[in-house]
Amino acid sequence: MLMARDTARDEAQKLHRKWLKHQAFMAELARNKEWLAKIEQEGQELIQEKPELRSVVQQKLEEIRECWSDLETTTKAKARQLFENNKPEPAVKSYSDLDNQLSHLEQQPPQLEQAHHLPTFNEQLQKFQAMESQIGDFYKDVGELGSLQGLCLPQRGLMAGDREGGEQSGVVETRIVRLIEPLKERRRILLASKEMHQVAQDLEDEILWIQERLPVASCKDYGNNLQSVQQHVKKNQTLQRELTGRRARVEEVLDRAGIIASLRTPEVEFVREGAGHVRQLWEVLQLEAERRSVMLDAALQSQQYYSEAAKVESWLSGQKLHLVNEEKGTDEASTLQLLKTHLALEQTVETYAETVGMLSQQCQRLLELGHPDSEQITKQQSHIDRLYVSLKDMVEHRKTKLEQQYWLYQLNKEVEELEKWITEREAVASSTELGQDLEDVTVLQERFTKFASETNSIGQQRMEQVNKMVNEMIDCGHSDAATIAEWKDGLNESWADLLELMETRRQMLAASHQLHKFFTDCKEVLAQIAGKMKQLPEVRACQANITNPATLQRLMHSFEHALQLLVAQVRQLQENAAQLRTIYAGEKAEAIMVKEQEVMEAWKELLSSCEASRVQVTSVTDKVQFFSVVRENLMWMEGIMGQIRWDEPR
């Protein structure tokens, strides 16, 4: 029997402990329900910030709600099961048993013990709750006993049983009421004491929570690069969210502490002190968190500026290195390609000015806000500006060099083409062909005149263009000005040589033309002299037939007048021969002399023949005149003689 009672007692204690543990678990669920609300709020904020994550966030929130609902359902079901298991079996069989149990409760009423921890309060409260539950069961037992007695008593003793049962029931109810009133009073006092200690415990929890986060909020480490600063910013944002989510809890605890602190009892002094401490720490935490947010924002801005500045500096340095190691063109085409590439780079550098300008504006905003690293930021921006100006100078210098190199290749091409053209013209101008006769020389002269005119026109135009290009390049300060000047001098010398060569060729052709014309003129003069020589016998033949001296004189004068034209030609031949002898020497000079002598000899012979003919004509004329005079005299004398003979004497 004792072993059975002990076993029953142990089972009851185990069930009671399970019930207490489950009550504590349910209380923890109730306290942690605010975290579910916090998660819901953060999920809604995330959906507002990033609508594209709405489906994922809503799915996760739905899963959390389902899990929480399942947990609550399971917890309530287990609570009901433990309550049913923990419910004691009705041990009241009669009013006497109920009276004994009430006597036992009256002899051992539950006392309020001095408690300093919430579990102790919970245990006492559970005792009071168990006692209240037991007294409530007594009410039920009283009703059950009354109905049971009504059924079990015989009919004849019904009235007497009713009176006896009614009296016992009234007595028991009165005793139960006397037990319930002090029990409720003690329970109220216990609840008030529990609330006070609960508030004190909550204040301690808030103090610990604030003290745990206060070092994070008051930390002076803001990171030394963009990544570390971003990590600190994320941690600070997490802290800010925790503060936002915790604010309602702190205010609720402080409100409860204020309600308790309003009581005029010495026991609540430590609650007032705890509430003041929490309020002070909470304000410090908020101030530190706000200060850290401001400092982290400044650090983030500066690190973002430094990061952008590092990228800009890296890009500018890379472009400068690219310009330093730039290759040079080997010909006009490669130089032109390099120049096109460089112009594209120049455009890129000009466009990059917007990036540098945005960086400068960012620096200016930081300076206007009074950033603590203003001096370092100013130095960095100055370095970026100098680097960009230096890059632009290098780009401009490189562009000038490429342009000068391209112009140099163009000038070299023009000079080479012009020198080649001059060489080709020199080959024509240096020809030694002088023609075989006057007609041949005339054709050569006509061709050369056309060639010289074309050469002068084209050559002069091209020379002016090249000289203009050279002068412009030298005036622009070309780096190869000395070489360009040498090319110019050489080209001008070649052009002068060509002009001189063409002048020489023109003079040679003119001299050749004069020579062949001299020979032709000599032939013509000799032919004319020969013709005149042939005319002299005719003149002489006419002397015998012509009896009129005047006619003979006119014929002779006409012949001599025709000779006057030959005189001019012969004199011109002599002058031409004299000029040609100054030009030619050797065989040609001898040929000129021989031809001149031949003409002069023929001319002298013609003149001699003409003189002889003139003398002969003069003699014949004198003779004819003499005979005419003689004949006239004879006729006069005959007339006179006739007159003398036929006339009468006087």
Working note: L367 + C363, criterion side chain to side chain contact (heavy atoms under 4.5 Å, CB included); need CA distance, chi angles, decisive distance, verdict. CA-CA 6 Å; L367 295 180; C363 171; 4.0 Å; yes

Step-by-step side chain to side chain contact (heavy atoms under 4.5 Å, CB included) determination, E403 to Y406: CA-CA 5 Å; E403 287 178 346; Y406 179 67; 5.6 Å; no

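Side-chain contact between S382 and T378: present, with at least one pair of heavy atoms (C-beta onward) separated by less than 4.5 Å. K311 places a side-chain heavy atom less than 4.5 Å from the side chain of S307. Inter-residue side-chain proximity for E40 and R65 is flagged as met; some heavy-atom pair is nearer than 4.5 Å. Residues R246 and E206 meet the side-chain proximity criterion, which asks for heavy atoms closer than 4.5 Å. Side-chain contact check for Q44 versus Q41: every heavy-atom pair is 4.5 Å or farther apart. Residues V349 and W315 are in side-chain contact: their nearest non-hydrogen atoms beyond the backbone lie under 4.5 Å apart. Contact of the Y352 side chain with the L316 side chain is registered, since non-hydrogen atoms from C-beta on lie closer than 4.5 Å. Between H322 and L345 the shortest side-chain heavy-atom distance falls below 4.5 Å.
Heavy-atom contacts from other residues, nucleotides or ligands closer than 6.0 Å to NZ of K320 number more than 12. In the displayed structure, E375 atom CD is contacted under 6.0 Å by at most 12 heavy atoms of other residues, nucleotides or ligands. The neighbour count for Q227 CD, taken as heavy atoms of other residues, nucleotides or ligands under 6.0 Å away, does not exceed 12.
Taken to the nearest 0.5 Å, the CG atom of L387 stands 9.5 Å off from the CD atom of Q380. Rounded to the nearest 0.5 angstrom, T348 OG1 and H342 NE2 are separated by 11.0 Å. To the nearest 0.5 Å, atoms CD1 (I384) and CG (L359) are separated by 6.5 Å. One distance of note links CD of E288 with OG of S293; it measures 11.0 Å at 0.5 Å rounding. Once rounded to the nearest 0.5 Å, the distance linking CG of N236 with CZ of R292 reads 6.0 Å. Rounding to the nearest 0.5 Å gives a distance of 10.5 Å between CD of E290 and CG of L243.
Taking both residues in full, the closest heavy atoms of A289 and Q240 are given as O-NE2, 3.3 Å, listed atom of the first, atom of the second, then distance. Of all heavy-atom pairs between V356 and Q381, the closest is O-NE2, 4.1 Å. Between L61 and G43 the shortest heavy-atom distance is CD1-CA, 4.2 Å. Considering every non-hydrogen atom in both L203 and A257, the closest pair reads CD1-CB, 4.1 Å. Between A299 and V229, the closest heavy-atom pair is C-CG1, 4.0 Å.
With respect to the salt-bridge test (charged N to carboxylate O, under 4.0 angstrom), the residues E346 and K392 do not qualify. In this structure, R256 pairs ionically with E252, as a charged nitrogen and a carboxylate oxygen lie closer than 4.0 Å.
Under a 3.5 Å cut-off, the side chain of S334 and the backbone N or O of D331 do form a donor-acceptor pair.
Every residue two or more places apart in sequence or in another chain that forms a side chain to side chain contact (heavy atoms under 4.5 Å, CB included) with E204 is listed here: Q201. Contacts of E63 classified as side chain to side chain contact (heavy atoms under 4.5 Å, CB included), with partners at least two apart in sequence or in another chain: Q59, K60.
At a cut-off of 3.5 Å, with distance as the only test, no side-chain donor of D393 or S390 sits close to an acceptor on the other residue. Side-chain contact, Y306 with Q376: no donor N or O sits under 3.5 Å from an acceptor N or O. Y305 and Q301 share no donor-acceptor pair across their side chains, judged by distance under 3.5 Å alone. When only modelled atom types and interatomic distance are considered, E72 and W68 share a side-chain donor-acceptor pair under 3.5 Å.
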Using residues 273-287 as the side-chain source, report each donor-acceptor pair under 3.5 Å to any protein atom, sequence neighbours left out, with the distance given to one decimal.
none

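The only option from R241, E242, R249 that meets the side chain to side chain contact (heavy atoms under 4.5 Å, CB included) definition with K38 turns out to be E242.
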